[in-house]
*Asks:* 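After the structure tokens below, expect a handful of questions from me.
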Amino acid sequence: MKQPLLRIGRGLLVTLGLTAFLLCPFLGFYFAYRPAVEDIIRWRRLADPPAKPLQIVYLASDYSMDTDSVRVWAADNQVYTCTHEACVKESFATPSEAVARAIYSHNGNMVFFQAARGQIYACTSTTCETAWWAEPPGETTELSYLERSHVVAWTKSGESYKCSEQSCENFNAGTNVIAPDGLPPYPPGEVLGRRDISRAVGETDGGYHYLLMDDGSLWYWYSGSQRIFLYYLLVFVGCSFGIGVIISGSTAIALLAAFVKRRKRNNERAI
């Protein structure tokens, strides 16, 4: 009776191992490869804040791994951080006078505003400080508050400047931007704002790209290979598990069968 049971058990283990070996590519496709391909071939919409977004003011990807998080200034004069799931109101102070526009910031703890009369403010969660640095030539589009002695400013023409209290000088700060070829087709409507940033983590590098459309919708696209890497990792682990089950299970059952057979032979000899 034991021999048939052992054969059945060995057959079940082999079947389970082969099933895991054959299913792991399909599981990898469903949980990793398919979402990665969806990210690659289309823009994905983020959540909408309570008021219409007017400008993108910061990308969380600058200093964190929140790859689908973008901070915007909205029509209600508030700042929101939006992901796929929701938009959360941030506790930033705003100038006491009317704000004409926000300026993109490279600092996660600060938002820059320009008032209708031209004055620039650097606002934290508690206060807004008037700009003490000299203005670069042209319209400022990005600011990086490095320290009290100076800031780095990018202008609409693409130039970057290092500005102190007295003057601004040309400064090759780079753009911190990646704009690859082969972007997916834009969503319907006019693009009001776009931000791109690169990120490299080990072997999974890529770019994060954000759009603000004229209807106030926010969109996100990731051009990296991180999820493709996870797909291959899942396939490798799944297939290794299947092979391991087949080998270890068959070996264990073979040893057990040999032990039972030897014990039976010894019992027969004893009789």
Side-chain angles (χ1 to χ4, degrees), residues 36 39-40 42-75 78-92 94 99 101-114 120-125 139-146 151-156 158 160 173-184 186-187 191-202 204-227:
D39 281 349
I40 291 172
R42 66 181 178 88
W43 294 87
R44 301 175 66 187
R45 184 165 181 173
L46 301 179
D48 297 319
K52 183 178 181 180
L54 300 178
Q55 286 178 258
I56 297 174
V57 297
Y58 175 73
L59 299 184
S61 302
D62 284 350
Y63 297 103
S64 75
M65 289 302 296
D66 295 329
T67 58
D68 63 348
S69 178
V70 60
R71 185 177 292 164
V72 296
W73 175 57
Q78 299 296 326
V79 176
Y80 298 89
T81 295
C82 297
T83 65
H84 290 293
E85 291 77 22
C87 289
V88 178
K89 180 181 175 182
E90 300 281 2
S91 58
F92 282 98
T94 54
V99 174
R101 67 186 183 99
I103 299 173
Y104 182 79
S105 172
H106 289 265
N107 304 85
N109 61 346
M110 192 171 294
V111 176
F112 297 99
F113 294 102
Q114 186 168 28
I120 293 178
Y121 292 85
C123 299
T124 64
S125 59
E139 181 181 329
T140 301
T141 57
E142 301 180 34
L143 283 168
S144 180
Y145 193 109
L146 299 183
V151 299
V152 175
W154 288 261
T155 62
K156 200 170 185 178
S160 55
T175 61
N176 201 29
V177 165
I178 179 173
D181 296 328
L183 286 171
Y186 285 163
V191 177
L192 294 184
R194 171 180 155 186
R195 287 289 169 181
D196 311 271
I197 188 167
S198 61
R199 165 72 71 185
V201 183
T204 57
D205 57 349
Y208 303 110
H209 315 275
Y210 299 85
L211 293 178
L212 171 61
M213 307 302 292
D214 57 353
D215 61 357
S217 60
L218 295 164
W219 300 81
Y220 157 82
W221 178 61
Y222 173 56
S223 62
S225 57
Q226 188 170 8
R227 291 188 178 181

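The structure displayed is predicted, hence computed values, not measured ones.
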*Asks:* Please name the pair of heavy atoms, one in Cys82 and one in Leu46, separated by the smallest distance, quoted to 0.1 Å.
*Replies:* O-CD1, 4.1 Å
*Asks:* Measure across Ala74 and Ala51 and return the closest heavy-atom pair with its distance rounded to 0.1 Å.
*Replies:* CB-O, 3.8 Å
*Asks:* Please list, chain by chain and in numerical order, all residues satisfying side-chain contact (heavy atoms from CB on, under 4.5 Å) with Leu212, sequence neighbours excluded.
*Replies:* Pro53, Ile56, Leu192, Leu218
*Asks:* According to the interplanar angle, ranging from 0 to 90°, do the rings of His209 and Trp43 count as parallel (below 30°), tilted (30 to 60°) or perpendicular (above 60°)?
*Replies:* perpendicular
*Asks:* Would you please test Ser69 and Tyr220 for side chain to side chain contact (heavy atoms under 4.5 Å, CB included) and show each step?
*Replies:* CA-CA 9 Å; Ser69 178; Tyr220 157 82; over 6 Å; no
*Asks:* Going by heavy atoms in the side chains, are Tyr186 and Leu211 under 4.5 Å from each other?
*Replies:* yes
*Asks:* Among residues at least two apart in sequence or on other chains, which ones pass side-chain hydrogen bond (donor to acceptor under 3.5 Å, both in side chains) with Asn109?
*Replies:* none
*Asks:* With rounding to the nearest 0.5 Å, note down the distance linking CZ in Arg101 to OG1 in Thr140.
*Replies:* 6.5 Å
*Asks:* For Ser105 and Val57, indicate whether the former's side chain and the latter's backbone hold a donor-acceptor pair under 3.5 Å.
*Replies:* no
*Asks:* Could I get the full list of side-chain contact (heavy atoms from CB on, under 4.5 Å) partners for Ser125, not counting sequence neighbours?
*Replies:* Ser91
*Asks:* Quick one: pull up CD in Glu139 and CD1 in Ile103 and give me the separation to the nearest 0.5 Å.
*Replies:* 8.0 Å
*Asks:* Who are the side-chain contact (heavy atoms from CB on, under 4.5 Å) partners of Glu90, not counting sequence neighbours?
*Replies:* Arg71, Val79, Thr81, Phe92
*Asks:* State which residues pass side-chain hydrogen bond (donor to acceptor under 3.5 Å, both in side chains) with Ser217; sequence neighbours excluded, sorted by chain then number.
*Replies:* Asp215, Trp219
*Asks:* For the residue pair Tyr104 and Leu59, establish whether any side-chain heavy-atom pair is separated by less than 4.5 Å.
*Replies:* yes
*Asks:* Apply side chain to side chain contact (heavy atoms under 4.5 Å, CB included) to the pair Phe112 and Asn107, showing each step before the final yes or no.
*Replies:* CA-CA 10 Å; Phe112 297 99; Asn107 304 85; 4.3 Å; yes
*Asks:* Measuring from Thr141:OG1 to Trp154:CH2, what's the distance to the nearest 0.5 Å?
*Replies:* 9.0 Å
*Asks:* In chain order, what residues pass the side-chain contact (heavy atoms from CB on, under 4.5 Å) check against Val88, with sequence neighbours excluded?
*Replies:* none
*Asks:* Which pair of non-hydrogen atoms, one from Ala47 and one from Cys87, has the smallest distance, and what is that distance?
*Replies:* O-SG, 3.3 Å
*Asks:* Using every non-hydrogen atom in the two residues, find where Ala102 and Gln55 come nearest and quote the distance to one decimal.
*Replies:* O-NE2, 2.5 Å
*Asks:* Applying side chain to side chain donor-acceptor pair (under 3.5 Å), which residue pairs with at least one partner in residues 45-54 are found, sequence neighbours left out?
*Replies:* Arg45-Asp48
